[in-house]
*Asks:* 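Let me give you the structure first, and then I'll get to my questions.
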Amino acid sequence: MALVPCQVLRVAILLSYCSILCNYKAIEMPSHKTYGGSWKFLTFIDLVIQAVFFGICVLTDLSSLLTRGSGNQEQERQLKKLISLRDWILAVLAFPVGIHTTVLPFILIEMRTSHHEYPSRSSGLTAICTFSVGYILWVCWVHHVTGMWVYPFLEHIGPGARIIFFGSTTILMNFLYLLGEVLNSYIWDTQKSIEEEKEKPKLE
């Protein structure tokens with residue numbers, strides 16, 4: 001039995017993200033008061049993604065406890081939808097976006113303690129590309145409105161270099177998605193092998 005049940009751990013992680021978000025919004029920074037506010041920054045967007053993800057994890061745990069043994073098929077269907085949403089957010093957003101920050105340990109713990117079903121590779125890559133391109137367009141729009149780039153180094157490189165940079169970040173996000181898919185498979189294939197080994201009858 002684990003010293004800290006994974007359900008309790010998820011609640012603690014969720015509360016920590018809520019605290020971080022509250023403190024982040026309380027910081028008096030000039031950039032937070034300009035067009036787009038905190039939503040210009042990928043770090044803030046990532047914090048929101050992680051808070052939403054772990055909020056859904058906690059909700060899934062509660063729903064699982066309430067549904068267990070009830071025999072209510074409708075509740076079980078709703079629980080399956082919630083689990084599918086949780087797994088989709090982990091695969092497409094929480095892991096690829098979160099891996100560039102210190103939230104990675106929390107994601108790895110979550111991947112290790114609960115099995116997650118990844119979507120088909122084509123739909124997953126399409127979703128992460130949509131997110132990447134959407135954020136790039138948002139950054140360009142903020143520059144169009146304010147005349148300032150969200151990330152100052154973009155001011156010092158030419159249009160061609162910006163295109164290469166934006167294209168490279170999109171490719172990187174696709175790579176991180178694939179890394180998460182491989183890592184998830186490795187963790188649970190290894191776990192399955194260990195369990196199967198334990199179940200084998202011992203030779204006398």
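Residues take their numbers from the sequence shown, with the count starting at 1.
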*Asks:* How close do D87 and H115 get, counting heavy atoms only, and between which atoms?
*Replies:*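 Heavy atoms only, the tightest pair is OD1-O, 4.3 Å.
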
*Asks:* Working to the nearest 0.5 angstrom, can you tell me the gap between I157 CD1 and I164 CD1?
*Replies:*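 I157 CD1 to I164 CD1: 9.0 Å, rounded to 0.5 Å.
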
*Asks:* Can you tell me if S19 and S16 form a side-chain donor-acceptor pair at under 3.5 Å?
*Replies:*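 Side chains of S19 and S16: no pair found under 3.5 Å.
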
*Asks:* Under the ring pair (Phe, Tyr, Trp, His ring centres under 6.0 Å) rule, collect the residues that match up with W39, sequence neighbours excluded.
*Replies:*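 So W39 forms a ring pair (Phe, Tyr, Trp, His ring centres under 6.0 Å) with F44.
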
*Asks:* Same cluster or not: L137 versus L42, using hydrophobic residues (I, L, V, M, F, W, Y) connected whenever any side-chain heavy atoms lie under 4.5 Å apart?
*Replies:*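 No; L42 is not reachable from L137 via cluster members.
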
*Asks:* Can you tell which of W149, Y35, W138 makes a ring pair (Phe, Tyr, Trp, His ring centres under 6.0 Å) with H143?
*Replies:*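 With H143 as partner, W149, Y35, W138 yield a single ring pair (Phe, Tyr, Trp, His ring centres under 6.0 Å), made by W149.
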
*Asks:* Here's a test for you: under side-chain contact (heavy atoms from CB on, under 4.5 Å), which of V11, L15, I13 qualifies with V58?
*Replies:*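 Of the listed options, the one satisfying the test is V11.
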
*Asks:* Looking only at non-hydrogen atoms, find the nearest pair between L90 and P96 and report the distance.
*Replies:*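 Looks like O-CD, 3.8 Å.
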
*Asks:* Nearest heavy-atom pair of A127 and V92: which atoms, and what distance?
*Replies:*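 The answer is CB-CG1, 3.5 Å.
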
*Asks:* I want to check something: taking the side chain as every heavy atom from C-beta on, are I107 and Q50 in contact at a cut-off of under 4.5 Å?
*Replies:*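 Yes, close enough: below the 4.5 Å cut-off.
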
*Asks:* Taking side chain to side chain donor-acceptor pair (under 3.5 Å) as the cut-off, I'd like each qualifying pair that reaches into residues 168-184, sequence neighbours left out, listed once.
*Replies:*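 Passing the test, one end in residues 168-184: R121-E181.
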
*Asks:* Are S120 and S123 close enough, and set up right, to give a side-chain hydrogen bond (donor to acceptor under 3.5 Å, both in side chains), and what steps lead you there?
*Replies:* CA-CA 5 Å; S120 68; S123 63; 2.8 Å; yes

*Asks:* Would you say the side chain of I45 lies within less than 4.5 Å of the side chain of I49, judging by non-hydrogen atoms?
*Replies:*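 They are in side-chain contact.
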
*Asks:* Is a side-chain donor or acceptor of R86 paired with a backbone partner of F53 at a separation under 3.5 angstrom?
*Replies:*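 Judged by distance alone, no pair lies under 3.5 Å.
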
*Asks:* From C57 SG over to E110 CD, what is the distance, rounded to the nearest 0.5 angstrom?
*Replies:*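 Reported to 0.5 Å precision, the distance equals 4.0 Å.
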
*Asks:* Out of curiosity, does I136 fall in the hydrophobic cluster containing Y151 (side-chain heavy atoms, cut-off under 4.5 Å, transitive links)?
*Replies:*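 Yes; tracing contacts between hydrophobic side chains, which count when under 4.5 Å, links both residues.
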
*Asks:* Does the side chain to side chain contact (heavy atoms under 4.5 Å, CB included) test come out yes or no for T146 and T34, once each step is laid out?
*Replies:* CA-CA 8 Å; T146 65; T34 57; 5.6 Å; no

*Asks:* Parallel, tilted or perpendicular, judged at 30° and 60°: which one describes the rings of F153 and F165?
*Replies:*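 Rings of F153 and F165: perpendicular, as their planes differ by over 60°.
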
*Asks:* Given the rule that I, L, V, M, F, W and Y join up when any side-chain heavy atoms are under 4.5 Å apart, are I20 and V48 in one cluster?
*Replies:*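 Yes, one cluster joins them.
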
*Asks:* What are the two closest heavy atoms between T113 and C6, and how far apart are they?
*Replies:*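 Residues T113 and C6, closest heavy atoms: CB-CB, 4.0 Å.
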
*Asks:* Roughly how far apart are F95 CZ and M173 CE, rounded to 0.5 Å?
*Replies:*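 Taking CZ in F95 and CE in M173, the distance rounds to 11.0 Å.
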
*Asks:* Find the distance between CG (L125) and CG (L178) and round it off to the nearest 0.5 Å.
*Replies:*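 CG of L178 is found 5.0 Å from CG of L125.
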
*Asks:* State yes or no: do I163 and V150 share one hydrophobic cluster built from I, L, V, M, F, W and Y residues joined by side-chain heavy-atom distances below 4.5 Å, directly or via other members?
*Replies:*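 No, separate clusters.
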
*Asks:* Considering non-hydrogen atoms only, spot the tightest contact between F106 and F54 and give its length.
*Replies:*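 Looking at all heavy atoms of both residues, the closest pair is O-CZ, 3.9 Å.
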
*Asks:* Could you give the distance from CD1 (I83) to CD (E76), rounded to the nearest 0.5 Å?
*Replies:*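 One gets 10.5 Å once the value is rounded to the nearest 0.5 Å.
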
*Asks:* With clusters defined by side-chain heavy atoms of hydrophobic residues (ILVMFWY) lying less than 4.5 Å apart, directly or transitively, does L79 cluster with I89?
*Replies:*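 No; tracing contacts between hydrophobic side chains, which count when under 4.5 Å, never links both residues.
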
*Asks:* Nearest heavy-atom pair of A91 and P119: which atoms, and what distance?
*Replies:*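 So the two residues come closest at CB-CD, 3.7 Å.
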
*Asks:* If only atom types and distance count, is the side chain of S64 paired as donor or acceptor with the main-chain N or O of T60 below 3.5 Å?
*Replies:*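 No; judged by distance alone, with no hydrogens or angles, the pair does not exist.
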
*Asks:* Check whether any side-chain N or O of Y135 sits under 3.5 Å from a backbone N or O of K40 as a donor-acceptor pair, and report yes or no.
*Replies:*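 A pair under 3.5 Å: yes.
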
*Asks:* Rounded to the nearest 0.5 Å, what's the gap from CG on L82 to CG on L62? Could you check?
*Replies:*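 Reported value, rounded in 0.5 Å steps: 10.0 Å.
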
